[in-house]
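First listed ligand is number 1; within each ligand, the first listed atom is number 1.
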Amino acid sequence: MSTAGAGPRHNWAGNVHYAARRHHRPSSLDELRRLVAGSDRLRVVGTGHSFNRLGDTPGELVSLAGLPATVALDEDRRTVTVPAAMRYGDLATWLHARGYALANLASLPHISVAGAIATGTHGSGETIGNLASTVAGLELVTAGGDLLTVDRAADGDTFAGMVVSLGALGVVTRVTLDVVPTFDIRQHVRLGLPRSALDAAFASAYSVSVFTDWRTPRLREVWVKQRADAAPLPAEWLDTTAADGPRHPVPGMPARNCTTQLGEPGPWHERLPHFRLGFTPSSGAELQSEYHVPRGAAAALAALDPVAHLIAPVLQVCELRAVAADGLWLSPNHERDSLAIHFTWTADAAAVLPVVAAVEERLAPFAPRPHWGKVFGLAPAALAAAWPRYTDFLDLARRLDPAGTFRTDLLDHYLPRD
Ligand SMILES: Cc1cc2nc3c(=O)[nH]c(=O)nc-3n(C[C@H](O)[C@H](O)[C@H](O)COP(=O)(O)OP(=O)(O)OC[C@H]3O[C@@H](n4cnc5c(N)ncnc54)[C@H](O)[C@@H]3O)c2cc1C
């Protein structure tokens, strides 16, 4: 990933080269407000870990990494307010040192807070929501350069429309997140889970991720992230065996890139992500797609069995996660406890895209909601049908951004305004 100059010129995966005519890195809020007010087309780039053109623009591309880095903990309200560009990994270290934690993290700590919540990024845990579900407040610069603050308690339903924003409502400059007392996690890897035990596995611990390759009837690995104060996993567990050493989810990749396993307790932020800050997450040469379907894993997975022979040759690894429902309008988990079916593909787009289409066709009966930041090809009508508040979001975007400053080609395609 390039971080030279004002911000990255391409995304982390290298499959999107940003088409912006100019790149900016404002160093003050006033500078940012003047820039937004004077722009006809503008987008923000976080850490560039999305796999599609959602963040691309022919206009001005802005990195917020130069804005003041003040972090403010409110111990009475149990919240922390952070700069939009702060990476989760840096925030986690800061919070843990002060005795606090976030309820959940994604598989990698490398991503920015605002970039992650804009796309509804998630980890796993059937009782815990995605990262956006912990947002308690936002500060943003709207299209005219005005500063708007919104709060979960005061702004109710509209606030629920503004968190998973796809960057379409304004430039988020500060984010307030719920915090909890810090906690420790033990991570075990178990091998060979019968598919029939998937829901039992999800129910067994705080955060559970299951990896498979669509080549064998059993699910290859289960990464069980238990709170350290929970009873240890029994030796005999769901007809699996214990891994004899640390693992990487992608076969052949080095386990040292991953968080500590083998049941050694450690702080939440050093166990909930699979990948360690400072190391390459995942394989590094890849594309990703992901679909959220209602929980009730067996039927959706069975629907993919007939295309397993197409999936396997272009797959590095498939990950299954559970995510609790939330009320955010464009969240993939909007009012739906979800099974997230994730694919880390090879980097060969020509080979991968037809398989993505086949997966989408098989999942269609489950009203799949794609991860907004990954590769997908669902028709706009399918997206509108999957999200009950889709039209409300379009109205909100029209109201906050009447001239379409924050529109992109991808948004025009997936969320047409007219
Ligand atoms: C190796 C790897 C592992 C991943 N693992 C997971 C995972 O475990 N779970 C998961 O759900 N996803 C995962 N993802 C996807 C990733 O979390 C999302 O794509 C996320 O949005 C990336 O955050 P970012 O900071 O890089 O945002 P970017 O990709 O830079 O931006 C994402 C969107 O947010 C907008 N945006 C960014 N900052 C702002 C702002 N301040 N104001 C307004 N809009 C803004 C951008 O314009 C863009 O549209 C993974 C990606 C990679 C590469």
Side-chain angles (χ1 to χ4, degrees), residues 1 3 7-8 10-16 18 20 26 32 36 42-57 60-65 67 82-89 104-124 130-132 138-142 162-175 207 209 249-250 253 257 272-275 279-292 316-317 319 321 323 331-333 338 340 342 344 370-375 401 405-408 410-411 414:
M1 183 183 72
T3 50
H10 57 78
N11 68 341
W12 173 86
N15 65 314
V16 173
Y18 299 126
L32 172 68
V36 175
L42 180 144
R43 291 291 288 192
V44 184
V45 60
T47 57
H49 282 79
S50 295
F51 289 86
N52 60 26
R53 305 201 82 92
L54 183 65
D56 197 16
T57 176
E60 320 297 323
L61 190 62
V62 186
S63 162
L64 302 186
L67 290 187
V82 306
M86 189 168 199
R87 297 185 306 172
Y88 269 98
N104 209 350
L105 289 171
S107 71
L108 76 175
H110 308 60
I111 50 178
S112 78
V113 171
I117 65 169
T119 63
T121 288
H122 62 96
S124 191
N130 66 32
L131 306 188
L138 293 171
E139 176 190 271
L140 62 160
V141 175
T142 53
M162 295 185 67
V163 183
V164 181
S165 71
L166 315 183
L169 306 179
V171 176
V172 174
T173 46
R174 289 181 70 75
V175 183
S207 174
S209 285
V250 179
M253 298 298 294
N257 293 11
L272 288 178
H274 307 325
F275 305 109
F279 290 79
T280 301
S282 197
S283 84
E286 66 198 70
L287 296 171
Q288 295 186 9
S289 304
E290 186 164 35
Y291 301 92
H292 293 250
Q316 300 197 49
V317 72
E319 180 176 7
R321 286 179 278 188
V323 191
S331 164
N333 315 107
S338 307
H342 161 92
T344 300
H371 189 307
W372 289 112
K374 299 187 180 179
V375 174
D401 181 21
T405 303
F406 304 116
R407 301 296 293 176
T408 69
L410 203 73
L411 279 176
Y414 285 121

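With sequence neighbours excluded, the residues forming a side-chain hydrogen bond (donor to acceptor under 3.5 Å, both in side chains) with Asn333 are Asn130, His292, Ser338, listed by chain and number. Residues forming a ring pair (Phe, Tyr, Trp, His ring centres under 6.0 Å) with His274 (at least two apart in sequence, or on another chain): Phe211, Trp223.
For the pair Gly48 and ligand 1, the shortest N or O to N or O distance falls below 3.5 Å. Ligand 1 has a nitrogen or oxygen under 3.5 angstrom from a nitrogen or oxygen of Thr119. No N or O atom of Gly167 sits closer than 3.5 Å to an N or O atom of ligand 1. Checking only distances, Gly46 does come within under 3.5 Å of ligand 1, N or O to N or O. Considering backbone and side-chain atoms together, Trp12 places no N or O closer than 3.5 Å to any N or O of ligand 1. The shortest N or O to N or O distance between Thr47 and ligand 1 is below 3.5 Å. The shortest N or O to N or O distance between Ala84 and ligand 1 is not under 3.5 Å. In terms of polar-atom proximity, defined here as any N/O pair under 3.5 Å, Glu290 makes no such contact with ligand 1.
Against a heavy-atom cut-off of under 4.0 Å, Arg321 is close to the following atoms of ligand 1: 7 (C), 8 (O), 9 (N). In summary, the atoms of ligand 1 found under 4.0 Å from a heavy atom of Ser112, numbered by their order in the structure, are 25 (O). Numbered from 1 in the order shown, with element, the atoms of ligand 1 that lie under 4.0 Å from a heavy atom of Phe51 read 51 (C), 52 (C), 53 (C). Interface of Leu64 with ligand 1, defined as ligand atoms under 4.0 Å from a residue heavy atom, comprises 41 (N). For ligand 1, the atoms lying closer than 4.0 Å to a non-hydrogen atom of Ser282 are 1 (C). Under a 4.0 Å criterion applied to the non-hydrogen atoms of Ser107, ligand 1 contributes the atoms 3 (C), 4 (C), 5 (N), 6 (C), 7 (C), 8 (O). For ligand 1 and His371, the ligand atoms under 4.0 Å from any heavy atom of the residue are 10 (C), 11 (O), 12 (N), 15 (C), 18 (C).
The residue among Gly55, Ser283, Gly284 with a heavy atom at the shortest distance from atom 48 (C) of ligand 1 is Gly55.
Shortest contact from atom 37 (C) of ligand 1 to any protein heavy atom: Gly115 CA, 3.5 Å. Of all protein heavy atoms, the one closest to atom 43 (C) of ligand 1 is Gly170 O, 3.4 Å. Among all non-hydrogen protein atoms, the one lying nearest atom 49 (O) of ligand 1 is Arg43 NH2, 2.8 Å. The nearest heavy-atom contact from the protein to atom 36 (N) of ligand 1 is Val44 O, 3.9 Å. For atom 15 (C) of ligand 1, the nearest non-hydrogen atom of the protein is Lys374 CE, 3.7 Å. Scanning all protein heavy atoms for the shortest distance to atom 19 (O) of ligand 1 gives Ser50 OG, 2.8 Å. When only non-hydrogen protein atoms are considered, atom 20 (C) of ligand 1 lies nearest to Thr121 OG1, 3.4 Å. What sits closest to atom 42 (N) of ligand 1 on the protein, heavy atoms only, is Val172 N, 2.9 Å.
Contacts with ligand 1 closer than 4.0 Å are made by heavy atoms of both the backbone and the side chain of His122. Counting heavy atoms closer than 4.0 Å to ligand 1, residue Ala118 contributes side-chain atoms (C-beta onward) but none from N, CA, C or O. Under 4.0 Å from ligand 1, the heavy atoms of Leu108 that appear belong solely to its side chain.
Screening Gln316, Lys374, Glu319, Glu290 against Thr344 for a side-chain contact (heavy atoms from CB on, under 4.5 Å) leaves a single residue, Gln316.
Here Arg53 contributes atom CZ and Arg43 contributes atom CZ; the two are 12.5 Å apart, rounded to the nearest 0.5 Å. Summarising the geometry, atom OG1 belonging to Thr119 is positioned 8.0 Å from atom CG belonging to Leu166; distances are rounded to the nearest 0.5 Å.
Here the closest heavy-atom approach between residue Asp56 and residue Ala20 is recorded as OD1-N, 4.2 Å.
The shell of residues lying under 4.0 angstrom from ligand 1, judged by heavy atoms, includes Gln288.
The aromatic rings of Trp12 and His49 lie parallel to each other, their planes meeting at an angle below 30°, with 60° marking the opposite boundary.
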